[in-house]
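Since the structure comes first, as C-alpha cells, the remarks are kept for the end.
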2 protein chains.
Amino acid sequence: MALAQVTDVAARAGVSPATVSNALNHPDKVSAKTRERVRQAIEELGYVRNDAARQLRQQQNLAVGMIVLDIGNPFFADVARGAENTLGELQRPLLLGNSSQNAERELTQLRLFEEQRVAGILITPVGDALQRLGQIKDRGIAVVIVDREAGADEFSSVSTDDVLGGRLAAQHLLELGRRRIAVIGGPRIIRQVADRYEGARTAASALEDATVQLWDTGAMDSQAGRDATKTLLALPAEERPDAIFATNDLVALGALQELTRAGIHVPEDVALIGYDDIQFAASATVPISSIRQPAQEIGARAARLLVAAIADPSASVQHPVFTPALVARESTLGP
Amino acid sequence: MALAQVTDVAARAGVSPATVSNALNHPDKVSAKTRERVRQAIEELGYVRNDAARQLRQQQNLAVGMIVLDIGNPFFADVARGAENTLGELQRPLLLGNSSQNAERELTQLRLFEEQRVAGILITPVGDALQRLGQIKDRGIAVVIVDREAGADEFSSVSTDDVLGGRLAAQHLLELGRRRIAVIGGPRIIRQVADRYEGARTAASALEDATVQLWDTGAMDSQAGRDATKTLLALPAEERPDAIFATNDLVALGALQELTRAGIHVPEDVALIGYDDIQFAASATVPISSIRQPAQEIGARAARLLVAAIADPSASVQHPVFTPALVARESTLGP
DNA sequence: GGCGAGAATTAAATCGTTTCAATTTCGGTT
DNA sequence: AACCGAAATTGAAACGATTTAATTCTCGCC
C-alpha cells in the first residue's frame, strides 16, 4: 500500500498539488475555504510529507546536528538538553550524535551530517578535527564549537575558561595546604584536559614546593578514575599525592570509590576535587568539590549562535566564555 | 558555489553518472580501473552524496529513530548507548530524540521520524501512544517498544519484569521489618511506575499489617524526589513511612538529599531503595539499594529486534523479558 | 579473423515535493 | 454591465541521486 502523497491529497480536495503545497507552506496564499478542504483531505488520507523530497527541492534542511563527547556523562546530557530546548523553540529538529571520545566515530557522524545537508553542526571536537570542520564550513554548513574555545576565528564557540577552572581547583587545594597534586584525566589531546592541567600548573608555579603532575587516562569515565587511582596508590609513599584533581566528575567519582576501597580517608589523607559539578557530585559518599560550569546555558547559547550563523553566514564570529566557579564540599574541606 | 554532484564527478572521471553511482553502491559492477578513477574524482572534488536525493529515489532510509523518556537519566543514556553501538555495527544511523516524559514532545518527535521515513523506531512511550504507534506501523515503519512490555502482539518489545522488580524491592523492605512503604514516582500513567507499584502491593498483601501507598510525583527526577519527600516528612508522625521505594534512582537520590537535610537517618529511621541501579546509586552519600536492570543490553536487544523487523516485517513479534535483581546496600541494610 | 557470451558502461526515466510564471477568479467601481 | 487590479489557483519544471533496459567492450576460442 503506497503512502498518500500530494497528488492524492490534491485530488481528494479537488485542487492542484501546487495548492496543497501552498496550503502547507504558505497558508497566506490560500483562501481559508481551500485551506480547510486541504486540511481535511490530509487528515482523511493520513498524509505525511516526505521530507527527503522536500529537502531535495528546497535545497535545505532545517535540522541541526550535534556531536557530544559522551552522552553518558550527565554534563553533556545537560548541554544537549539546553541545545535541544532552544532549537525546539525555533522549530529545528536536532540530530544527536555521540563520539564517545573516539575520533573515528566523530568522522562517521560528521559524514552522516554532511550527507544529510544539515543546516549547522554543534560539536565538542575530539582532538584536532578543526581542519575537517573548516571544510565543512566551506560547504556552507554552519559550525559552532561547544565547551572549548576555538582559537581561530573561523567559527563561533561557547566555552568556559578551563584554564581558570584548573587554576581555581589547584589554588583551592594549595590553600588547604596540599602540595603534591595529581591531575587525572585524558587523553591529553582533549583540549579541556590540557587547559585544566595548564591552569593547575600555573597555580602551583607560584609556590616553591608545590608539584602538579598529569596522569593521562585514556578515557574520562569512572573506570578511568578507578584505574588511575590504583596506579597512584601503588606509588611509594613519598611520591604519593596528597590531592587529586580529576578533570571531570565521573573520573572523580571513580577515584573516590577506589580511595574508599583502599581505606584512604578523603580528604584527610588525600583531598579530591572534580570538574563540571554534575548533580551526582553533591550526593556522593563524600560530597565532591567541583568546578561548576553552566551546562544547559552553554548548550542554549551555542544553539542560538548556530542559528544566527545559519541565518547570516557572514555574521561575525563570537566566543562567549563563561566563568567557572569553585564549589567546595567535603572532599576537600572535610566535615 | 554549488557542491559537487554525481554529474561533476562523472565528467571528471570521464564516465557517466550511472557508473559513478555503481562505483559507490555496487562496486562489483565496475571495473577496478574505473572504480579507482571515480574514487579519485570524488576525492578531488570533495563530493559528498546528497542523502535526500538518494532516499527519494531509493524509497527508503536506513536510519532508525529512538525516543527515550529522559536522556538526562543515566539509565536511558545507557540504553541509548547499547542501541547505538549495535546499530552502528549494522551501518544504521541513529536519530536520538528525547520526550522528557512529555506526550506532546513525543508526538512531535514521532512526526519528525515519519517525515524522515525512518526504517524503524525504538521507543519508550509516554503513557498511551500505542494507538499512534499502530498507525505508524501500518505505514510500514517497524516499531519496537523499549523497557516496557507491549501487551498487544503488534510490536516486539524488550523489557524487564517491573512487577517482579517492584516485588523484590518491597519484599526486601518487608523482610527488614518495615511496614509502611511509600512508593514515590510518577506520573502514574507511565507503565513502569504502575507496574513497580503493583509489584510492591503484591508483596505487601502477604502481610496483614503492611501498607503500601503511591505518592504520585509529576516527574521522575531528583527534584521530584525531594518534593515528594518533603510532603512525606510533613505528615504526622504516625502516618509517616518507615521505608521509601523510589521508582527510579534519580528520585531516590533526591529523596536521600531531603532526608539527610531533615536529619532523618537512613536506614535507621527510614529505609530507602531505588530502581535501575545507575552507577551513581552505589556512590551516594549513603549507598543506595536498587533494582538492577541491564541497561545497555536492553538497548542492544531492542536494536537487534528492530533490525530483524525491518528486514522481515512479517516476522513474528517477540517479547524478551529480562529479570531484574536486587542490589542491597547501606540505604536499607545499614553499615 | 570472426563470433558470441559475459562484463562494463550508459541514456533516460523516476522518486515526491516546491516554485515560477502564467492563468483564472473575485470583488469592487464606474 | 463592463472593467480593473488583486487574490487565488494551476501546469510544468526542477532538485540530485539510483535503476532499468539497452548498448558497447573485451576476450577467449574455433
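We name chains A, B, ... by the order of the sequence lines, and we start the count at 1 in each one.
A salt bridge links Glu36(B) with Arg39(B): the closest approach of a Lys/Arg side-chain nitrogen to an acidic carboxylate oxygen falls below 4.0 angstrom. With respect to Arg105(A) and Glu84(B), a salt bridge is recorded, a charged nitrogen being found less than 4.0 Å from a carboxylate O. Salt-bridge annotation for Lys137(A) and Glu154(A): absent, with no side-chain N of the basic residue lying under 4.0 Å from a carboxylate O of the acidic one. The existence of a salt bridge linking Glu106(B) and Arg111(B) is excluded, since no basic side-chain nitrogen approaches an acidic carboxylate oxygen closer than 4.0 Å.
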Which side-chain N or O atoms in residues 297-307 of chain A pair as donor and acceptor under 3.5 Å with protein atoms at least two apart or in another chain?
none

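The backbone N or O of Gln60(A) lies less than 3.5 Å from no partner atom in the side chain of Arg117(A), so there is not a single donor-acceptor pair. Here the side chain of Arg12(A) pairs no donor or acceptor atom with the backbone of Ala41(A) at under 3.5 angstrom.
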Q. Given Val64(A) and Ile121(A), is the side-chain contact (heavy atoms from CB on, under 4.5 Å) satisfied, shown in steps?
A. CA-CA 6 Å; Val64(A) 161; Ile121(A) 294 179; over 6 Å; no
Q: Begin from the C-alpha positions of Phe76(B) and Asp147(B) and carry the test side-chain contact (heavy atoms from CB on, under 4.5 Å) through to its verdict.
A: CA-CA 10 Å; Phe76(B) 285 112; Asp147(B) 193 39; 4.3 Å; yes
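Taking atom CG of Leu45(B) as the reference point, atom P of dG16(D) lies 15 Å away to the nearest angstrom. Distance CG (Asp8(A)) to C1' (dC15(C)): 14 Å, rounded to an integer number of Å. When the C1' atom of dT19(D) is taken as reference, atom CZ of Arg54(B) falls 13 Å away, rounded to whole Å. Counting to the nearest Å, the P atom of dT17(C) and the CG atom of Asn50(A) are 6 Å from each other. Across the protein-nucleic acid pair, Leu56(B) atom CG and dT18(C) atom P stand 12 Å apart, rounded to whole Å. Taking atom CG on Asn25(B) and atom P on dT20(D), their separation rounds to 12 Å, with Å as the unit. Rounding to whole angstrom units, CG of residue Asp51(B) and C1' of dA17(D) are separated by 10 Å. Counting to the nearest Å, the P atom of dT19(D) and the CG atom of Leu24(B) are 11 Å from each other.
When the C1' atoms of four end pairs are superposed on the next four at each end of the helix from dG1(C)-dC30(D) to dT30(C)-dA1(D), using five pairs per end, the two resulting axes differ in direction by 50°, to 10°.
Residue His26(A) places no side-chain N or O under 4.0 Å from the OP1 or OP2 atom of dT18(C). A close approach under 4.0 Å does occur between a side-chain nitrogen or oxygen of Gln58(A) and OP1 or OP2 of dT19(C). For the OP1/OP2 pair of dG16(C) and a distance below 4.0 Å, the side-chain nitrogens and oxygens of Tyr47(A) include no atom meeting the criterion. The side chain of Gln55(B) contributes no N or O atom lying less than 4.0 Å from OP1 or OP2 of dA17(D). Checking the phosphate oxygens (OP1, OP2) of dC15(C), no side-chain nitrogen or oxygen of Gln59(B) falls inside 4.0 Å.
Annotation: side-chain contact (heavy atoms from CB on, under 4.5 Å) contacts of Ile190(B) (sequence neighbours excluded): Leu69(B), Gln101(B), Pro187(B), Gln192(B), Val193(B).
Defined by atom type and a distance below 3.5 Å, a donor-acceptor pair is present between the side-chain atoms of Asn25(B) and Arg54(B).
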Listing time: all N or O pairs from protein to nucleotides 22-24 of chain D that are below 3.5 Å?
none

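Looking at which nucleotide of DNA chain C each of Arg117(B) and Arg57(B) is closest to, the 5′-most match is held by Arg57(B).
When all heavy atoms of Asn98(A) and Asp70(A) are compared, the pair lying nearest together is OD1-CA, 3.4 Å. Closest of all the heavy-atom pairs between Ala83(A) and Met66(A) is CB-SD, 3.9 Å.
Considering only heavy atoms from C-beta on, Val143(A) comes within 4.5 Å of Ile136(A) through its side chain.
Contacts between residues 30-44 of chain A and DNA chain C, defined by a heavy-atom separation under 4.0 Å, are absent. Taking a 4.0 Å limit (strictly below) on heavy-atom distances, residues 10-23 of chain B reaches DNA chain D at Ala18(B), Ser21(B).
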